[in-house]
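Here's the structure we're looking at; comments come further down.
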Amino acid sequence: MEEEDDVTATATATNQNLQTHQNGVVPSSPMLPVSDDKILLPVEVCLKPSSTASIRDVRSAIERMLEKRSLSYCDGPIPLPMDEPFLADNVHRICICDTDEGMHNDNVLLFWQVKPVVHVFQLSEEGPCEDISSDGQSSSFNEWILPAKEFDGMWESLIFESGLKQRLLRYAASALLFTEKGVDPFLVSWNRIILLHGPPGTGKTSLCKALAQKLSIRFNSRFPQCQLIEVNAHSLFSKWFSESGKLVAKLFQKIQEMVEEESNLVFVLIDEVESLAAARKAAISGSEPSDSIRVVNALLTQIDKLKSSPNVIILTTSNITAAIDIAFVDRADIKAYIGPPTLQARYEILRSCLQELMRTGILTSLQGCDNTTLPSYASAKDRSSAPDFHEVTASMQLCNQLLETAKACEGMSGRSLRKLPFLAHAALANPFHCNPIKFLCTMIETAKRERSEL
Ligand code: ADP
């Protein structure tokens, strides 16, 4: 695959799909915006694994295809055109992203309001490359080539309070844009360290990986190669301390080599950074060898060295907010607390689970209810307060029950919520052809049991 021109910075956010206007005709606007006012809309184009087409050719074909269409835009995949064999042969999926950034008051985005920015990419199928140390033991880090097949769809599957994902994406996009444009760091300083902290299972590690994947796609014109190095800080200290020092040195030497290549974009994910503080404290109290201080210090020094490389973003997570090493907190530019999911997030997580079980036929679909798109939280709330709500349709009943289930899951982490449907299914007396409403009743019971066992 070949690459070319400058990346266009897209100050962006979520995902959406192209829809023909209801009657196929897009109303003309009394006041067409001038082209400078157009909203830059990311369009992500995933190539088939077998494709050998050049990114430039696919991009041009997609741009031509989009120009020909008079459509409104909303998040999600759009169908591949039947009459374009080149695209049919090479493209796996076309996805419109981030339309809610440009939308005001829930209006649709019309084709003349936007300038599509096409990002063509191919997923790496190599899987993680675990570094094996010379003594044959597995080491404390994994390396991924991005965008990786394993992280495909992760960004979309993560549901947080509104704006969080977009804030992180915009932050990282600005940092990379400053790099790309050659802003002098002595005149304007910016770091590339992000710290996500909060209770376990709330999606911090997944969000870091998904963010790295997203950025590798959005910035692939500027950085055609992209890697993610995943380090588990805890595992650095669970080894012999003399080994830990060597591990840190080896790891950062490798990262340093990667970042020397200007076309490489490198993400370093350091999970469980609270173990750095724990190691330092234990060393001070004398319960650990003082070697551990040296390891923590070596890690911090190496991170400082990396900071001067413009093509590195350091992503860190911690499960214990209070215990993060202060030296670490100071280094992070963005510190975001990721708490347990809100009612809305719980509803949306459970909705996506239910849709998947309906799509795969584990649950039967309800009459009068589209089995792939259940109502979102916003429309579920509107429906429940609508005057005709008592005219109970199957779909309304289902969304009401889903809301009740989400309420019953208060305090549960995203990880527990994603496991709940499986546990509920395993608890069913008759696991075949289960009706979704009955299934949700079992989920409420299962949630109560899980919460009582916390
Ligand atoms: P943490 O790093 O905070 O311990 P993880 O990233 O390991 O959490 O999350 C584990 C899994 O839980 C994720 O892969 C995802 O399936 C699910 N999950 C957690 N939080 C969320 C969320 N906010 N939205 C959707 N899924 C979530």
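Order of appearance sets the numbers: ligands from 1, and atoms from 1 within every ligand.
The shortest heavy-atom distance from Leu158 to ligand 1 is under 4.0 Å. Residue Pro341 places no heavy atom under 4.0 Å from ligand 1. Under a 4.0 angstrom heavy-atom cut-off, Ala345 registers as lying outside contact with ligand 1.
Residue Ser206 approaches ligand 1 through these ligand atoms, each under 4.0 Å from one of its heavy atoms: 5 (P), 6 (O), 9 (O), 13 (C), 14 (O). Heavy-atom proximity to Ile349, at under 4.0 Å, picks out these atoms of ligand 1: 22 (C), 24 (N), 25 (C). Which parts of ligand 1 touch Ile159 is read off a 4.0 Å heavy-atom cut-off, strictly below it: atoms 22 (C), 23 (N), 24 (N), 25 (C). Atoms of ligand 1 found under 4.0 Å from any heavy atom of Phe160, numbered from 1 in the order shown, are 23 (N). With ligand atoms numbered from 1 in the order given, ligand 1 contributes 4 (O) to contacts under 4.0 Å with heavy atoms of Pro200.
Shown here is Glu410, whose CD atom has no more than 12 heavy atoms of other residues, nucleotides or ligands within 6.0 Å. Other residues, nucleotides and ligands contribute over 12 non-hydrogen atoms within 6.0 Å of the CD atom of Glu261. Annotation for Phe178: atom CZ does not count as buried by contact number, only 12 or fewer foreign heavy atoms lying within 6.0 Å.
The structure places CG of Asn90 at 11.5 Å from CD1 of Ile55, a figure rounded to the nearest 0.5 Å.
Counting protein heavy atoms only, atom 26 (N) of ligand 1 is closest to Arg418 NE, 3.2 Å. Nearest to atom 21 (C) of ligand 1 among the protein's heavy atoms is Gly414 CA, 3.8 Å. Of all protein heavy atoms, the one closest to atom 2 (O) of ligand 1 is Thr205 OG1, 2.6 Å.
Partner of Leu269 under the side-chain contact (heavy atoms from CB on, under 4.5 Å) criterion, out of Thr205, Asn142, Ile229: Thr205 alone. Among the candidates Leu402, Thr342, Ile159, Leu403, the single residue satisfying the side-chain contact (heavy atoms from CB on, under 4.5 Å) test with Tyr377 is Leu403.
Smallest separation of non-hydrogen atoms from Pro340 and Pro199: CD-CG, 4.1 Å.
Considering only heavy atoms from C-beta on, Ile193 comes within 4.5 Å of Ile303 through its side chain.
Selection from Ser416, Ser157, Gly201 by nearest heavy atom to atom 1 (P) of ligand 1 gives Gly201. The closest non-hydrogen atom to atom 10 (C) of ligand 1, taken over Lys209, Arg415, Lys419, comes from Arg415.
Between Gly203 and ligand 1, at least one N/O pair is under 3.5 Å apart.
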Exercise for review: Test ring-ring contact (aromatic ring centres under 6.0 Å, His included) on Trp144 and Phe267 and set out the steps.
Suggested key: CA-CA 10 Å; Trp144 306 79; Phe267 294 92; over 10 Å; no

